[in-house]
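One structure below.
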Amino acid sequence: MKYLRLKKNTDIQKLFKRGKRAYSNALTAVYMPSDELKMAVIVSKKHGKAVKRNRIKRLVRRAFFLTCERAPFACSIALLPKVSEEYSLAAFERSLLSCFKRMK
RNA sequence: CGAGUUGUUCAUACGGUCGCGGGCCGCCGAGAGGCGGCGUGAGGAAAGUCCGAGCAUCACAGGGCAAGGAUGCCUGCUAACGGCAGGAGGAGGCGACUUCAAGGAAAGUGAACAGAAAUACACCGCGGCAGUUUUGCCGUAAGGGUGGAAUGGCGAGGUAAGAGCUCACCGUCGCCCCGGUAACGGGGCGAGCCAAUUAAACCCCAUCCGAUGCAAGAUUGGGAUAAGGGCUGCGUUAAAUCGCGGGGCUGCCCGUCCGCUUUUAUCCGUUAAUAUCGCUUUAGCUUGCCGGCGACGGCAAGCAUAGAUAGAUGACCGUACACGACAGAACUCGGCUUACAGAUCAAUCUCGGGUC
RNA sequence: GGCCUUGUGGUCAAGCGGUUAAGACGGAGCCCUCUCAAGGCUCAAUCCCGGGUUCGAUUCCCGGCAAGGUCA
């Protein structure tokens with residue numbers, strides 16, 4: 001299933017002001033209903049240096065790509081991974097699914 | 001065979017499925033774009049942002065002096081450099097070789113505490129004279145003590161005791177000769193030590209440097225009219241016309257340049273930034289030959305090799321083995337520095353042992 | 001991405017190359033008090049880390065690390 005990237009700074013600002021949050025053990029999702037499915041990954045410098053941050057973003061994007069058809073409704077969504085020692089695709093997939101369950 | 005030294009190259013590989021950025025081609029579409037195909041897509045450090053350039057802007061981007069900053073053995077290389085190469089000197093290693101922020105202390109200033117004293121003023125001591133219970137004056141840097149550093153070191157002579165006071169050797173300084181482009185090296189003669197150390201303390205000398213950085217900046221982002229404000233003030237004039245002043249060129253002098261910016265209202269116009277360009281073809285890379293000890297230069301042939309803009313290289317599976325380190329382009333080059341699992345090849349390289 | 005700044009007890013901080021590293025707030029212990037407060041005394045620092053210069057470095061030089069600011 002196709003999804004769009006959430007790019008504009010103003011949209012992200014809006015999302016953080018008005019959006020609701022869904023938590024799981026590997027990441028936090030901030031979401032807000034919209035007409036299309038839009039996604040952004042937010043990784044801060046706390047996660048490590050550039051190589052590490054890129055890897056986290058790729059894993060989260062891939063996990064979202066594999067699971068996004070099970071999203072309950074069209075929305076703008078920002079994903080904030082939590083800081084940890086190890087990151088894996090399977091953990092992000094599980095966390096995303098549990099987030100989708102909690103989104104109402 | 002073992003132990004080293006210096007340098008070179010590489011930085012998991014291959015296959016399958018799904019997915020991403022850019023390009024080209026074809027088809028569809030009014031267009032935005034969509035679909036399909038082909039090919040392409042991170043590093044030796046892309047990092048730190050420590051130097052040097054290109055490029056761009058700053059109204060012009062000039063000279064002198066001052067201030068500030070940087071560099072500091074010599075000769076080369078280079079677009080340039082604080083880089084590199086070769087050499088000189090100090091230090092280390094048996095050696096191959098490594099390493100060093102390395103101009104000037106005879107222009108001046110400063111250097112805690114301790115110590116008698118820090119470039120010089122005698123505490124103890126040693127000795128002479130006076131006195132003789134204590135001590136006073138003079139000479140003395142050999143010894144003690146203080147200190148990071150104490151009148152160049154050591155031996156001999158010498159002396160009342162001592163002292164470059166004298167002599168040999170070493171060190172230092174000056175002059176001459178020879179070798180070298182030079183730093184410097186070698187030799188000779190002289191000086192009897194005057195001039196300790198410290199300049200990553202101030203400082204002096206030589207050379208170099210305008211500032212800001214692609215978030216620079218350019219293009220479009222409107223045009224016309226009217227009114228007002230700000231910088232740029234005063235006098236004068238029909239007039240920014242002229243004079244003085246003012247502003248910019250880091251401070252001063254000379255010289256030179258200077259009309260710009262903004263607000264409001266009305267009419268016409270509007271996708272207007274998250275746009276487009278800058279943005280990847282170059283001091284480019286590879287190979288061969290020639291010159292040079294080398295850094296590098298010359299010639300010839302061939303090649304085109306990321307260009308994103310919330311920011312593209314990944315995930316999963318399989319196979320192989322050395323079980324994969326440090327790490328992700330953001331305008332571009334030349335260096336430096338720092339991080340790093342390993343593998344690899346080279347040197348008529350070095351040392352030790354064995355055999356012929 | 002570019003350009004800067006700062007690292008000193010728990011916190012805020014001063015510091016001419018030679019200090020027992022000044023203070024203030026807070027903390028701990030003791031004294032004082034019938035008890036508490038106030039007051040007094042005492043204690044606690046790898047001067048961010050690693051090299052270098054120097055007789056001697058928190059301070060000077062070089063290289064790292066961390067934190068913060070700023071530019072559309």
Side-chain angles (χ1 to χ4, degrees):
Chain A
M1 180 174 168
K2 278 275 160 191
Y3 65 93
L4 293 174
R5 303 288 294 282
L6 184 62
K7 293 184 174 179
K8 290 193 183 180
N9 191 25
T10 50
D11 289 356
I12 292 170
Q13 294 303 323
K14 239 187 266 175
L15 181 60
F16 271 87
K17 267 189 179 173
R18 300 181 196 165
K20 295 177 181 176
R21 284 163 192 257
Y23 303 96
S24 65
N25 49 349
L27 48 80
T28 302
V30 181
Y31 64 98
M32 186 173 78
S34 71
D35 31 319
E36 284 171 307
L37 186 62
K38 291 181 177 175
M39 188 273 280
V41 187
I42 297 171
V43 182
S44 79
K45 278 209 167 174
K46 286 176 192 171
H47 290 83
K49 296 198 175 183
V51 173
K52 215 169 179 184
R53 294 202 302 271
N54 277 345
R55 181 170 165 74
I56 294 164
K57 281 189 271 184
R58 283 167 191 151
L59 286 170
V60 173
R61 270 188 219 132
R62 181 68 185 181
F64 189 79
F65 174 78
L66 292 171
T67 59
C68 63
E69 49 194 35
R70 299 174 68 176
F73 49 86
C75 61
S76 296
I77 184 162
L79 302 172
L80 296 103
K82 291 179 182 175
V83 178
S84 73
E85 292 288 305
E86 288 287 318
Y87 302 94
S88 73
L89 184 67
F92 282 130
E93 277 188 68
R94 263 183 273 116
S95 292
L96 268 171
L97 289 175
S98 73
C99 279
F100 287 150
K101 272 185 207 164
R102 289 174 204 199
M103 282 162 61
K104 289 264 160 78

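Predicted model only: the values in this text are computed from it and were never measured. Basis for what follows: all heavy atoms, side chains included, without hydrogens, waters or symmetry-related copies. Naming: A, B, ... by sequence-line order, numbering from 1 per chain.
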Gap between atom CD1 of Ile77(A) and atom CE of Met32(A) - 0.5 Å precision: 11.5 Å
Pair assignment for G127(B), Watson-Crick or G-U wobble, requiring both distances under 3.5 Å: C138(B)
Who pairs with U232(B) - Watson-Crick or G-U, where each distance is under 3.5 Å: none
Any residue of residues 54-64 of chain A with a heavy atom less than 4.0 Å from an atom of RNA chain B: Asn54(A), Arg55(A), Arg58(A), Leu59(A), Arg61(A), Arg62(A)
Identity of whatever pairs with G157(B) - Watson-Crick or G-U, under 3.5 angstrom: C165(B)
C73(B): pairing nucleotide in any strand, Watson-Crick or G-U under 3.5 angstrom: G87(B)
Residues which pass side-chain contact (heavy atoms from CB on, under 4.5 Å) with Arg21(A), listed by chain and number, not counting sequence neighbours: Phe16(A), Tyr23(A), Val30(A)
For G328(B), the Watson-Crick or wobble counterpart (both distances under 3.5 Å): none
Rounded P spacing from C94(B) to A343(B) in Å: 29 Å
Nearest-Å distance for atom pair CG/C1', residues Leu96(A) and A315(B): 14 Å
Mate of U198(B) where both pairing distances stay under 3.5 Å, Watson-Crick or G-U: G110(B)
Assigned partner base of A320(B), Watson-Crick or wobble definition, under 3.5 Å: U12(B)
Sugar-phosphate only, base, or nothing, as touched by Lys49(A) at under 4.0 Å among non-hydrogen atoms: sugar-phosphate
Chi class for G76(B): syn within 90° of 0, otherwise anti: anti
5′-ward residue of the pair Ile42(A)/Lys52(A) relative to RNA chain B: Ile42(A)
By side-chain contact (heavy atoms from CB on, under 4.5 Å) - contacts of Arg62(A) (at least two apart): Phe65(A), Leu66(A), Leu89(A)
Minimal non-hydrogen separation, Lys82(A) against Thr28(A), with atom names: CE-OG1, 3.8 Å
P atoms of C254(B) and U241(B), separation to the nearest Å: 26 Å
Anti versus syn assignment for U119(B), with syn defined as within 90° of 0: syn
Euclidean distance for P, U198(B) against A156(B) (whole angstrom): 33 Å
Base-pairing mate for U286(B) - Watson-Crick or G-U, with both contacts under 3.5 Å: A301(B)
Length of the OH-C1' vector between Tyr87(A) and G314(B), whole Å: 17 Å
Distance, C1' atom - from A330(B) to A312(B), rounded to whole angstrom: 12 Å
Parallel, tilted or perpendicular, as decided by the 30° and 60° cut-offs, for the rings of Tyr87(A) and His47(A): tilted
side-chain contact (heavy atoms from CB on, under 4.5 Å) between Arg53(A) and Val51(A), worked out: CA-CA 6 Å; Arg53(A) 294 202 302 271; Val51(A) 173; over 6 Å; no
Chi angles and distances behind the side-chain contact (heavy atoms from CB on, under 4.5 Å) call for Lys57(A), Asn54(A): CA-CA 5 Å; Lys57(A) 281 189 271 184; Asn54(A) 277 345; 3.8 Å; yes
Between CG on residue Leu27(A) and CZ on residue Phe64(A), distance to nearest 0.5 Å: 10.5 Å
Residue pair Val60(A), Val43(A): steps toward the side-chain contact (heavy atoms from CB on, under 4.5 Å) verdict: CA-CA 10 Å; Val60(A) 173; Val43(A) 182; over 6 Å; no
C1' spacing across the pair U9(B) / C293(B), given as an integer number of angstrom: 25 Å
Whole angstrom value for the distance that separates P of A310(B) from CZ of Arg53(A): 16 Å
Whole-angstrom distance between G192(B) and C113(B), as gauged at atom C1': 37 Å
Glycosidic conformation of U35(C), taking syn as within 90° of 0 and anti otherwise: anti
Atom-to-atom span, CG of Leu66(A) to C1' of U17(B) - whole angstrom: 12 Å
Span that lies between the P atom of G174(B) and that of A80(B), in whole angstrom: 38 Å
Base orientation of G213(B), syn vs anti, 90° cut from 0: anti
Nearest-Å distance once atom C1' is located in both C167(B) and A196(B): 26 Å
Syn/anti label of A116(B) as read from its glycosidic torsion, with the cut at 90° from 0: anti
